[in-house]
Amino acid sequence: MSLVAALTTVGALPAHAAHLDPGVAIPVVADRAADAAAARLAAGPVQSITVTAQAPVAVQVDTFTGKEIPPPPPPPPVVAPAATAAVAAGVEAAPAAPAGAAVRWPFAGATRMSDGFGPRSAPCSGCSSFHDGLDLNPGVGAPIGSIADGIVSSVTASDNGGLGVHVMIDHVVNGQRVTSTYGHMLSGSAAVSEGQSVTAGQLVGNVGSTGQSTGPHLHLEIYSGSTALDPYAWLTEHAGPM
């Protein structure tokens with residue numbers, strides 16, 4: 001009977017209880033529940049949202065009006081320096097100065113002068129020892145403007161003679177009849193024709209070095225009949241300082 005009771009007791013134990021390792025603790029259900037609660041507390045409060053059965057909240061939309069803005073005007077064209085523009089566009093250079101004044105200098109703004117009116121040492125073979133004009137040096141290709149309103153009396157389009165390519169224009173200024181001559185212009189740059197009416201500042205041609213010339217410049221002459229006038233003095237009197 002004792003043997004039977006012992007076997008009955010062993011059979012009533014769980015299967016793993018017959019082979020317990022004394023170094024391993026048996027987990028307890030209560031301990032696991034406490035550990036789970038502690039983990040939830042460590043993670044912080046649980047976020048929640050409460051949904052009610054109330055009617056949806058109306059959303060107010062701000063109103064606005066639109067106004068079409070016209071596109072900005074195009075930027076002004078870039079104007080190249082006189083010499084670059086003349087070389088790039090040939091004779092299609094801009095006028096040296098706007099028309100309107102009774103008398104004006106052939107170039108806008110101050111321009112370097114390399115030779116004045118009067119006696120001089122001839123600078124080249126075939127050059128005169130009396131300079132009957134004014135030499136201005138704005139740079140090769142610079143546009144030359146007529147000094148006053150007038151009628152073109154002569155156009156020499158070929159590089160022939162001392163003045164090379166040149167234009168002559170007749171004017172009447174304060175009752176005085178004068179003729180202006182624009183010498184040593186670029187070949188092919190004459191922008192006017194004989195008999196054409198021109199206004200002060202209108203493009204005549206471009207600075208070059210044709211004819212008897214030591215370098216690119218405008219040789220400007222002003223004649224009253226057969227008498228050569230000092231262009232610098234005459235322009236200063238009628239157009240003001242350069």
Side-chain angles (χ1 to χ4, degrees), residues 79 82 86 91-120 127-139 141-157 161-186 189-208 210-213 216-242:
V79 179
V91 299
E92 298 297 329
V103 178
R104 29 189 344 117
W105 291 83
F107 303 107
T111 305
R112 187 173 71 89
M113 296 179 289
S114 58
D115 203 352
F117 179 83
R120 65 174 182 177
C127 293
S128 65
S129 58
F130 185 94
H131 195 223
D132 54 1
L134 172 67
D135 289 348
L136 298 169
N137 302 81
I144 304 166
S146 174
I147 62 170
D149 296 352
I151 304 294
V152 178
S153 57
S154 175
V155 176
T156 301
L163 289 177
V165 177
H166 64 281
V167 168
M168 302 175 70
I169 303 176
D170 294 334
H171 317 273
V172 177
V173 178
N174 296 334
Q176 179 187 26
R177 294 181 177 274
V178 297
T179 299
S180 59
T181 301
Y182 311 83
H184 306 311
M185 298 194 307
L186 279 174
S189 73
V192 294
S193 57
E194 188 172 332
Q196 178 182 344
S197 296
V198 296
T199 56
Q202 183 172 335
L203 178 67
V204 174
N206 299 90
V207 171
T210 54
Q212 295 291 333
S213 172
H217 69 283
L218 168 65
H219 172 80
L220 175 66
E221 295 179 359
I222 299 178
Y223 270 78
S224 176
S226 59
T227 302
L229 306 177
D230 181 348
Y232 181 82
W234 191 89
L235 283 172
T236 300
E237 177 185 354
H238 292 86
M242 183 187 300

Are the side chains of [X] and [Y] in touch, meaning some heavy atoms are under 4.5 Å apart?
X: V167; Y: Q196; value: no
X: L235; Y: I222; value: yes
X: I144; Y: F107; value: yes
X: V152; Y: V198; value: yes
X: W105; Y: T236; value: yes
X: V178; Y: Y223; value: no
X: I147; Y: H238; value: no

Problem set entry | Polar contact flag, side-chain donor to acceptor under 3.5 angstrom, T181-H166 | no
Hey, could you give me the [atom1]/[atom2] distance between [X] and [Y], rounded to the nearest 0.5 Å?
X: H219; Y: S213; atom1: NE2; atom2: OG; result: 10.5 Å
X: S153; Y: D170; atom1: OG; atom2: CG; result: 4.0 Å
X: W234; Y: L134; atom1: CH2; atom2: CG; result: 13.0 Å

For this session: Report the C-alpha distance between L163 and E221 in whole Å, list the side-chain angles of each, state the deciding distance to 0.1 Å, and finish with yes or no for side-chain contact (heavy atoms from CB on, under 4.5 Å).
Result: CA-CA 11 Å; L163 289 177; E221 295 179 359; 4.2 Å; yes
